[in-house]
Amino acid sequence: MADDDGSPRCLVTGATGYIGGRLVPELLAAGHTVRCLARSPEKLRDHPWAGEAAAVRGDVTDEESVRTAMEGIDVAYYLVHALGTGSDFEETDRRAARIFGERARAAGVRRIVYLGGLTPPGVPEHELSPHLRSRAEVGRILLGSGVPTAVLRAAVIIGSGSASFEMLRYLTERLPAMVAPSWVRTRTQPIAIRDVLRLLVACARLPDDVNRTFDIGGPDVVTYRDMMQRYAALAGLPRRLIIPVHVLTPRLSSLWVGLVTPVPNSTARPLVESLRHEVVRTETDIERYALTPPPGCLALDRAIELALQRVRDADVATRWSSATAPRAPSDPLPTDPDWAGGSLYTDRREREVAAPPEALWRVVEEIGGENGWYSSPLAWSLRGWLDTLVGGVGLRRGRRDATRLRVGDCLDFWRVEEIEPGRLLRLRAEMRLPGLAWLEMSVEGRVDGGSVYRQRALFHPHGLAGHAYWWGVSPFHAAVFGGMARNIATAAETRSQAPTLP
């Protein structure tokens with residue numbers, strides 16, 4: 001079933017996520033044909049590689065869509081998990097893995113490749129965190145599917161935009177001195193993202209009789225405290241004062257991480273729980289298959305240097321927040337033909353702008369993150385903190401790129417649902433709300449060379465709480481949304497009038 005040149009045909013699940021979004025171009029560069037299975041294929045359209053990979057709509061829990069996606073596939077990459085979707089996420093993971101394995105066997109797929117978590121040897125499975133326990137179970141299900149499977153088990157992944165790296169970066173940069181949880185003394189074996197991707201690609205050509213797990217990791221075995229001190233040195237920061245204590249439980253630790261870093265509690269907790277036990281490779285068998293050529297995997301310092309350089313160059317291809325947030329709404333926009341009706345509140349703003357459409361669009365596309373929202377910073381910060389306190393993502397996710405957006409990008413507590421360059425930006429809210437919300441900004445040119453800025457905030461309430469929420473915040477709309485429209489127009493006019501350098 002391989003292509004005429006012998007290159008495998010690969011299926012990638014999780015292509016909208018951190019690992020999958022980086023794996024696809026690596027597979028393409030290796031000469032493989034790639035198909036992506038995604039719940040929202042449109043979120044892939046703005047990736048640089050979108051025109052080279054096919055995309056099909058589906059979900060790993062939907063047997064029919066998985067069956068369709070598997071047709072003609074040689075190697076299937078399983079890079080998804082249900083963490084954060086609810087208390088029954090382990091059952092969801094279990095069901096999805098079974099469907100994936102069964103459909104792969106029925107389609108004659110030659111190999112499954114799965115990236116899981118490194119588990120501590122000698123620790124009973126019931127003592128593991130639900131996150132690690134579920135990842136281990138998924139690996140077992142795929143290994144028992146009847147399709148030769150390679151399960152790569154990694155600990156901390158160091159790369160620009162990874163949740164582990166963001167947690168390390170912000171903790172170190174923001175806290176010159178800290179009372180830290182005792183897990184900062186636990187040994188772990190980090191690995192660079194580029195080595196993870198290289199090994200995932202290489203697994204496509206493993207011998208057909210290989211059906212097993214492989215531990216993967218870099219050459220350094222360090223504590224989390226060591227990693228913070230190394231990061232500080234490489235970032236040019238003074239040595240950090242770190243005092244471990246035993247009173248912080250994983251739950252309290254995740255709250256602490258959530259307050260200090262952009263990583264929300266729901267994402268921080270499984271990361272924290274996975275650091276409670278020592279996770280170090282117990283075998284290096286993957287090297288027997290020549291998948292780790294000399295000089296081997298990158299050292300920790302080099303991995304940190306590369307990640308830091310990517311961040312400083314604003315060249316982060318994917319981030320931990322690239323995947324849609326758990327429980328994010330997927331309902332149609334209220335103006336879509338398949339909108340089911342119901343109450344809808346709208347705040348509309350429109351302004352004529354004495355600036356060309358290009359100047360106005362640049363301001364619109366650069367909104368959010370460190371660039372701000374052009375109105376009442378205190379109100380936006382307060383809303384972000386309130387969202388954080390109730391377990392939401394808050395304003396901490398920022399932007400992937402300071403000047404460019406693409407469909408699927410997170411933007412503080414919004415996500416880009418639609419973008420038509422030069423004309424339209426539509427954001428869907430991912431903060432905790434008693435309803436669904438969108439913020440839409442559009443640009444239209446005028447015959448006199450100026451432009452018109454239009455802005456809509458839409459809210460579809462859920463129940464009485466939703467109606468009460470809208471009326472409770474509506475008195476602030478003039479300051480927040482009105483100020484936003486006014487200041488965006490002013491910023492565009494100021495930019496267009498600024499002299500250009502020769």
Side-chain angles (χ1 to χ4, degrees), residues 8 10 18-20 22-32 75 77 79 111 113-121 135 139 148-165 168-169 186-207 209-231 233-235 274-275 277-311 315-318:
C10 302
Y18 178 73
I19 298 291
R22 297 192 180 204
L23 177 63
V24 171
E26 296 294 328
L27 290 170
L28 291 169
H32 303 337
V75 181
Y77 287 88
L79 303 173
R111 170 159 303 285
V113 182
Y114 170 58
L115 179 62
L118 193 58
T119 54
R135 300 297 286 270
T149 296
V151 176
L152 303 188
R153 307 195 311 163
V156 175
I157 296 177
I158 300 295
S160 60
S162 76
S164 296
F165 181 71
L168 172 68
R169 179 163 76 100
T186 303
R187 295 199 316 159
T188 188
Q189 191 164 4
I191 183 171
I193 179 62
R194 63 176 55 196
D195 287 320
V196 174
L197 296 173
R198 177 173 52 78
L199 291 170
L200 286 170
V201 172
C203 281
R205 296 189 180 278
L206 279 171
D209 61 346
V210 175
N211 185 61
R212 55 162 295 175
T213 64
F214 293 100
D215 291 354
I216 62 173
D220 300 275
V221 176
V222 294
T223 67
Y224 203 86
R225 179 164 54 181
D226 293 335
M227 284 198 290
M228 286 193 282
Q229 298 293 12
R230 289 198 189 189
Y231 179 94
L234 293 167
S274 66
L275 292 169
H277 302 289
E278 180 174 292
V279 279
V280 177
R281 294 175 67 175
T282 59
E283 47 86 8
T284 58
D285 293 353
I286 200 164
E287 297 173 5
R288 288 171 30 207
Y289 296 93
L291 300 189
T292 307
C297 292
L298 290 177
L300 174 60
D301 286 0
R302 183 57 179 155
I304 293 175
E305 287 174 345
L306 289 170
L308 266 174
Q309 192 60 52
R310 290 281 190 180
V311 171
D315 186 22
V316 181
T318 61

Of all the heavy-atom pairs spanning [X] and [Y], show the shortest one and how long it is.
| X | Y | result |
| --- | --- | --- |
| S160 | V311 | CB-CG2, 4.1 Å |
| V201 | A30 | CG1-CB, 4.0 Å |
| F165 | G159 | CB-O, 3.2 Å |
| G218 | Q189 | O-NE2, 2.7 Å |

Item to check | For Y114, side-chain hydrogen bond (donor to acceptor under 3.5 Å, both in side chains) partners two or more places apart | outcome: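 For Y114, the residues satisfying side-chain hydrogen bond (donor to acceptor under 3.5 Å, both in side chains) (neighbours in sequence not counted) are R135.
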
Checklist outcome for this item: Hits for side-chain hydrogen bond (donor to acceptor under 3.5 Å, both in side chains) against T282, two or more places apart or cross-chain, chain-then-number order -> D215

Between [atom1] on residue [X] and [atom2] on residue [Y], distance to nearest 0.5 Å:
| X | Y | atom1 | atom2 | result |
| --- | --- | --- | --- | --- |
| L300 | D226 | CG | CG | 9.0 Å |
| L28 | H32 | CG | NE2 | 9.5 Å |
| L200 | E26 | CG | CD | 10.0 Å |
| R198 | D195 | CZ | CG | 4.5 Å |
| L306 | I193 | CG | CD1 | 12.0 Å |
| Y231 | L308 | OH | CG | 4.0 Å |

Between [X] and [Y], is any pair of side-chain heavy atoms under 4.5 Å apart?
| X | Y | result |
| --- | --- | --- |
| I157 | I191 | yes |
| M227 | T188 | yes |
| P120 | E278 | no |

Checklist entry - Do any N or O atoms from the side chain of R111 and from the backbone of P207 form a donor-acceptor pair under 3.5 angstrom? => result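 Yes, the answer is positive, given that a donor and an acceptor are paired below the 3.5 Å cut-off.
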
Next on the checklist: Suppose we screen for salt bridge (Lys or Arg N to Asp or Glu O under 4.0 Å). Which residues come up paired with D301, at least two apart in sequence or across chains?
Outcome noted: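 By the salt bridge (Lys or Arg N to Asp or Glu O under 4.0 Å) rule, D301 matches R230.
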
Checklist entry - For the side chain to side chain contact (heavy atoms under 4.5 Å, CB included) test, which of T213, V196, I286 pairs with L152? => result I286

